[in-house]
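Structure first, then comments.
No hydrogens, no waters, no symmetry mates; every other heavy atom, side chains included, goes into these values.
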Amino acid sequence: MVNQTKIEQAVRLLLEGIGEDVNREGLRETPDRIARMYGEIFAGMDEDAGEHLAKTFTVEESGIVLVKNITFYSICEHHLMPFYGKAHIAYLPDGKVVGLSKLARTVEVYARRPQIQEQMTIQIVDAIMEHLKPQGAIVMLEAEHLCMTMRGVEKPGSRTMTLASRGCFQEDAKWQALFFQMLGEGKVFNQGLANENPVDR
C-alpha cells in the first residue's frame with residue numbers, strides 16, 4: 001500500500017534539497033500531487049497477475065495467440081526515472097486460453113512498480129506459464145529509458161529490447177521464428193534474453 005503521507009514528506013525534503021522554496025505558490029501543492037500520482041503509477045505493488053489470469057476458457061485446438069504493441073510505462077528502480085515502450089506477448093495454449101485484455105493487464109501489474117526491464121520481461125512470461133500452463137510462452141519488450149536519454153550518456157531514441165521464452169518457444173526454434181514472423185521482425189534471437197542497447201545501470 002502506497003503511504004501518501006511519507007511520499008509528501010519525502011517530496012518536501014527533495015525540493016528543499018535542490019534549493020527550492022516549498023512554500024512558494026507553484027510548489028505548495030506539489031507534494032500532494034506527487035503522492036496521488038505515485039498511488040497510480042505504483043498500483044502494481046498491490047496487485048497479483050494471477051487475479052487477471054485466473055479465468056480461462058477451454059479450446060479444443062489453437063495455434064499461437066499473439067498480442068503485440070501493448071503500451072506500458074514503468075519506473076526504473078535504479079534512478080526512479082520512467083522507461084516506456086511496447087510489450088509483445090505470445091503463447092501456445094494447451095487446452096486453455098485467457099481473455100486478451102488480461103495479457104495487457106498482466107503487463108500493467110509488473111510495469112506499475114519500481115522495475116528493471118530485464119526483470120519485468122521474465123516476470124510476465126513466468127506468470128503466463130504458471131497460471132495458463134501453455135505449451136510455451138514468449139515475451140519481448142522494447143523501451144526507451146529516460147535514465148539514458150536525459151542523463152548519463154544522453155542518447156535520445158535508443159531502444160532496449162529484452163526477450164524471454166519458455167517451453168516450446170525456448171526449445172524449438174521454429175516457434176520462436178513464427179513469433180518474429182508474426183511480429184514482422186523477420187529475425188530470431190537465439191538467447192533467452194537479448195539487449196539491443198546496453199544500459200548504464
Considering only heavy atoms from C-beta outward, does the side chain of His145 approach that of Met81 to under 4.5 Å? no
Mind checking whether Met37 and Leu13 sit in one hydrophobic cluster, side chains of I, L, V, M, F, W, Y counted as touching below 4.5 Å? no
Quick one: does Gln135's side chain have a donor or acceptor within less than 3.5 Å of a partner on Pro93's backbone? yes
pair Tyr91-Val97: side-chain heavy atoms closer than 4.5 Å: yes
Does the Lys55 side chain pair with the main chain of His52, one donor and one acceptor, at a distance under 3.5 Å? no
Linked, directly or transitively: Tyr73 and Leu146 (ILVMFWY side chains, under 4.5 Å): yes
Around atom CE of Met150, are there more than 12 heavy atoms from other residues, nucleotides or ligands closer than 6.0 Å? no
If you compare all heavy atoms of Leu92 against all heavy atoms of Ser62, which two are closest, and at what distance to 0.1 Å? CD1-O, 3.9 Å
N-O pairing of Asp126 and Arg166 below 4.0 Å: yes
Does Gln117 form a side-chain hydrogen bond (donor to acceptor under 3.5 Å, both in side chains) with Thr162? I'd like the steps, not just the answer. CA-CA 7 Å; Gln117 183 177 334; Thr162 50; 3.1 Å; yes
Evaluate Leu80 against Ile75 for side-chain contact (heavy atoms from CB on, under 4.5 Å), listing each step before the verdict. CA-CA 6 Å; Leu80 294 184; Ile75 300 293; 4.0 Å; yes
Hey, any chance Ile41 and Tyr84 share a hydrophobic cluster, counting ILVMFWY side chains that come within less than 4.5 Å of each other, even indirectly? no
Are Arg36 and Glu40 ion-paired here, with the side-chain N under 4.0 Å from a carboxylate O? no
Is Ile128 close to Ile124 at the side-chain level, that is, under 4.5 Å between some pair of heavy atoms? yes
So do Cys147 and His78 actually touch side chain to side chain, heavy atoms under 4.5 Å? no
If we ignore hydrogens and angles and just use 3.5 Å, is the side chain of Gln115 paired with the main-chain N or O of Tyr110 as donor and acceptor? yes
